[in-house]
Visitor: 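Pasting a structure below so you can have a look.
A quick note: this is a predicted structure, and the numbers were derived from the prediction, not measured.
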Amino acid sequence: MSAPLFLVESLPTADQLILDGPEGHHAATVQRLRVGDELLLADGRGGTAAVVVTAVGRGTLDLTVTSRGYVDADVPRLVVVQGIAKGDRGELAVQAMTEVGVDEIVPWAASRSVVQWRGDRGVRARTKWVATAREAAKQARRARLPVVAGAPDESTATVARRIAGAGAAFVLHEEAEERLTAVELPATGEIVLVVGPEGGISPAELTAFTEAGARPVRLGPSILRTSTAGVAALTVLSTRLSRW
């Protein structure tokens with residue numbers, strides 16, 4: 001089994017350190033790591049440090065660094081524009097997409113989104129997405145955290161501008177004739193993938209995105225939920241880009 005990963009604000013410059021705070025509590029109290037156990041520290045920006053436990057305290061671990069590393073960012077970047085969904089479907093989408101390697105998630109205030117992120121509610125909802133992505137990255141042993149865009153969400157006009165500057169952009173749409181498995185992919189830049197909410201993408205939104213340069217595509221004959229469509233599409237792209 002691979003070593004568990006814990007996220008820190010910055011990696012240690014010395015060879016000895018103490019892991020405390022929430023991560024130290026989780027490592028020492030929840031996972032009950034012991035002297036001699038190995039784990040991995042990551043700063044969420046690609047930097048890593050392999051460490052071994054030398055002592056265990058109350059919610060703390062004394063660690064010794066055994067090696068250091070760096071994980072380059074993948075190119076092209078995979079960006080998913082996720083229509084805001086009701087209940088926990090958005091968080092389920094964020095969790096699964098993080099596990100399969102998304103580089104950025106853009107919360108999109110689609111016209112057919114049942115839930116709208118407004119004021120404090122929107123800030124809290126986006127914060128949940130950030131926390132979900134962080135925990136999923138730890139579970140997946142990812143040295144790089146995906147970015148969660150938005151303040152707290154993005155408008156259709158903002159998404160269209162993002163599409164216009166991308167290396168390629170695709171809108172998952174049930175009436176599309178092209179398949180994501182067959183479209184041409186760029187070697188650099190960003191690949192932007194738009195996933196609609198439960199009610200789907202409106203004709204006006206589809207027009208705005210296609211005029212900005214996006215191409216409607218489909219995955220197959222099945223109509224997927226908003227919580228699973230993004231991860232399915234990312235799986236296709238990751239395979240085609242030889243990430244997997």
Side-chain angles (χ1 to χ4, degrees), residues 1-80 82 88 90-105 124 126-149 188 190-191 227 230-232 234-235 237-244:
M1 184 175 178
S2 60
L5 182 144
F6 296 89
L7 290 165
V8 294
E9 288 298 321
S10 59
L11 293 172
T13 55
D15 289 338
Q16 280 77 39
L17 71 147
I18 296 176
L19 182 65
D20 54 14
E23 293 291 77
H25 171 77
H26 186 75
T29 307
V30 180
Q31 293 205 6
R32 298 183 179 180
L33 297 180
R34 296 293 179 256
V35 173
D37 287 344
E38 297 178 347
L39 56 142
L40 191 67
L41 302 180
D43 60 9
R45 299 177 295 278
T48 63
V51 298
V52 62
V53 179
T54 56
V56 179
R58 293 189 62 182
T60 66
L61 296 178
D62 288 7
L63 305 171
T64 296
V65 177
T66 56
S67 65
R68 303 175 190 273
Y70 184 80
V71 178
D72 291 326
D74 286 311
V75 178
R77 296 181 77 243
L78 298 180
V79 179
V80 174
Q82 175 68 52
D88 62 353
E91 291 167 43
L92 289 173
V94 170
Q95 176 182 340
M97 291 190 296
T98 299
E99 290 175 359
V100 299
V102 70
D103 296 303
E104 184 171 353
I105 302 168
R124 290 194 300 270
R126 181 186 175 277
T127 299
K128 284 186 177 180
W129 280 28
V130 172
T132 299
R134 179 184 177 88
E135 291 307 308
K138 290 170 58 178
Q139 176 66 34
R141 314 294 200 268
R142 285 189 58 173
R144 287 184 171 273
L145 285 174
V147 175
V148 178
T188 60
E190 290 184 348
I191 297 177
S227 56
V231 67
L234 285 169
T235 302
L237 293 176
S238 295
T239 302
R240 293 194 59 199
L241 294 169
S242 298
R243 286 195 181 192
W244 285 22

Visitor: Backbone N or O of A50 within a donor-acceptor pair of the T66 side chain at under 3.5 Å?
Guide: yes
Visitor: Are L33 and F6 side-chain neighbours, meaning at least one heavy-atom pair lies under 4.5 Å?
Guide: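 Yes, side chains in contact.
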Visitor: Roughly how far, to the nearest 0.5 Å, is the CE atom of M97 from the OG1 atom of T132?
Guide: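 Reported to 0.5 Å precision, the distance equals 11.0 Å.
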Visitor: Ignoring hydrogens and geometry, is there a side-chain-to-backbone donor-acceptor pair from R58 to T29 under 3.5 Å?
Guide: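 No, R58 side chain to T29 backbone: no donor-acceptor pair under 3.5 Å.
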Visitor: So how far is it from R144 CZ to D72 CG, rounded to the nearest 0.5 Å?
Guide: 7.0 Å
Visitor: Is a side-chain N or O of R141 found less than 3.5 angstrom from the main chain of Q139, in a donor-acceptor match?
Guide: yes
Visitor: Minimum heavy-atom separation for P146 and V102, please, with both atom names.
Guide: CB-O, 3.4 Å
Visitor: Report the distance from atom CG of L63 to atom CG of L19, rounding to the nearest 0.5 Å.
Guide: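 Output value for this atom pair is 5.5 Å.
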Visitor: For V56 and A28, work out which heavy atoms get closest and say how close.
Guide: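 Taking V56 first and A28 second, the nearest heavy atoms are CG1-CB, 4.3 Å.
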Visitor: Rounded to the nearest 0.5 Å, what separation is found between the NZ atom of K138 and the CG atom of L40?
Guide: 12.0 Å
Visitor: Starting at CG of L7, measure out to CZ of R45 and round the result to the nearest 0.5 Å.
Guide: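 The CG atom of L7 sits 10.0 Å away from the CZ atom of R45.
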Visitor: Only one of L5, V53, V52 clears side chain to side chain contact (heavy atoms under 4.5 Å, CB included) with L39; which?
Guide: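 Among L5, V53, V52, the one that satisfies the side chain to side chain contact (heavy atoms under 4.5 Å, CB included) with L39 is V53.
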Visitor: I need the minimum non-hydrogen distance between A137 and T98, along with the two atoms involved.
Guide: N-CG2, 3.6 Å
Visitor: Mark yes or no for whether R142, through its side chain, and A140, through its backbone, hold a donor-acceptor pair below 3.5 Å.
Guide: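 No, R142 side chain to A140 backbone: no donor-acceptor pair under 3.5 Å.
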Visitor: How close do P12 and V65 get, counting heavy atoms only, and between which atoms?
Guide: CG-CG2, 4.0 Å
Visitor: Could you tell me the separation between the CD1 atom of I105 and the CG atom of L78, rounded to the nearest 0.5 Å?
Guide: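 Rounded to the nearest 0.5 Å, the CD1-CG separation comes to 11.5 Å.
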Visitor: Salt bridge between R32 and D37, side-chain N to carboxylate O under 4.0 Å?
Guide: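 Salt bridge absent between R32 and D37.
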Visitor: Testing the basics here: between A27 and L61, what is the closest heavy-atom pair and its distance to 0.1 Å?
Guide: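 So the two residues come closest at CB-CD1, 3.5 Å.
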Visitor: Any donor-acceptor pair under 3.5 Å linking the side chain of T54 with the backbone of D62?
Guide: yes
Visitor: Determine whether R126 and V148 make a side-chain contact, defined as any pair of heavy atoms from C-beta on separated by less than 4.5 Å.
Guide: yes
Visitor: Any donor-acceptor pair under 3.5 Å linking the side chain of R134 with the backbone of L145?
Guide: no
Visitor: Contact between L241 and I191 at the side-chain level, heavy atoms closer than 4.5 Å - yes or no?
Guide: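 Side chain of L241 against side chain of I191, heavy atoms only: contact under 4.5 Å found.
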Visitor: Restricting to non-hydrogen atoms, name the atom on Y70 and the atom on T48 that form the minimum distance, rounded to 0.1 Å.
Guide: N-OG1, 4.1 Å
